[in-house]
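Atoms within a ligand are numbered from 1 in the order they appear, just like the ligands themselves.
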Amino acid sequence: MGLILHDVDVAGERVAVRIEDGAVASVGSEDRSRSSGEVIDGRGGALLAGLHDHHLHVLALAAARRSISVSASTTNNATFAAALRDASTRGPVRAVGYHERVFGGLDRDVLDGIVRGVPVRVQHRTGGLWILNSCALEQIEPSRLADARFERDHAARLTGRLWRGDDLVRDDAGLRDGEIAAIGSELAAVGVTAVTDATASNDPSSVACLRALPQRVRVMGPIELALDDSERLTLGEVKVVPDDDDLPDIDDLVRLVLEAHGRGRGVAVHCVTLVQVRFAIEAFRVAGVRGDRIEHASVAPADVIADLHALGLTVVTQPAFVSARGDEYMTDVDPRDVAALYPTASLLAAGVPTRGSSDAPYGPIDPWEAMRAAVQRRTARGTVVGASERIRPSNALALFTGSDTVRAGLPADLVLLSVPLSDALARLRRDDVVLTIVGGAVVYDARERPPRAG
Ligand SMILES: [Zn+2]
């Protein structure tokens, strides 16, 4: 049984697209005599290659959906403690999005002063730091507490701060049925047909969870992660997260890159500072590049961009950080670095392969918001950050769809919009998504929703 998308706009032409066996079988004038299967009337709406969110964290996203937000935009010094106390009346508290601006530096004692007797843990908005109260610490196995990522003070007492230790407090055991599928539906509703899960600590149990997504999934993880590649799940890059204050030995990174290449995998290095990106570049200069990626490239001045291009590295950027966090960057980031924050136009102009992503839950999940941010680079308060880095709407869309237009032979990972491409590009809105198709199967259909009243 095939599917025919009748009267859709592909690259400016009104055509019919026939889907068979999970792939695009033909694009052109409709031959009704050969038509078997369901026919969907596209009403002239654009048919695009499905969107790929090239960097997000699905399990963290599911956890964030059952967390409270304590970000600077939802809480302040006066309401932070009350928000934690209120949440603690309903059970253990998982709070995310924290910024020091809200309540200063946190440790177990500060949190104990707010909530005792109920486990509370607060995640820093960067995702790299958890702060636990004493009750939450008590619930962790003693063998895990011995891990050096649990910070201790000069008297060897746990401070409650846990650095880059998601795996030590992970709670996917508490994952409820349907939670991952719900994330999949959320992504399908914005036109996402493929994701790359960029979690460094992915293991067989996270892989099992990720199978509940209707999207194609590329799974990053440590060098030892193995996966039976299936049609929908493939093994991605080895993820490396260097720490500015404690950079690994560059020879170790070189060795890891060589080992990954030997296994046919690339390496993706998390680079949010100039130190990190320069460190990664030096390692790749020695080890060579085979499909390797720089995640974020949050600070990338011209000389770094030239090196990225010369080495053939791909950059995976998060344009929505500029809109969602831009006001904080304007106060937190060294003014000399602001001009080089999350560059996009310069990367494209230099010919560096550049992909778009959300980094959800650390950034907004909606790729259309990211596209608008790439075009406007406007913060919530209306400041334009790095005006020269703005890009055209078609280029913003291509960060997520790639440059392929819909043609015969491609997998039927498609998004149908309610309007022609020119209209969609003028506004880049998630509301325009009508239908999302993965491998020929409809995974989201806005036409099923009851019409809005009025
Ligand atoms: Zn990330």
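- At a cut-off of 2.8 Å, His270 does not coordinate the Zn ion (ligand 1) through any N, O or S atom.
- Among Val93, Val120, Ile114, the single residue meeting the side-chain contact (heavy atoms from CB on, under 4.5 Å) criterion with Arg85 is Ile114.
- Within a 6.0 Å radius of CG in Asp303, other residues, nucleotides and ligands contribute more than 12 heavy atoms.
- Looking at His57, its N, O or S atom nearest to the Zn ion (ligand 1) turns out to be NE2.
- Between Phe80 and Phe103, the ring-plane angle classifies as tilted under the 30° and 60° cut-offs.
- Among the atoms of Asp359, an N, O or S atom falls under 2.8 Å from the Zn ion (ligand 1).
- Ionic pairing of Asp86 and Arg90 is present here: one or more N-O contacts between side-chain nitrogen and carboxylate oxygen are shorter than 4.0 angstrom.
- For residue His55, an N/O/S atom approaches the Zn ion (ligand 1) to within less than 2.8 Å.
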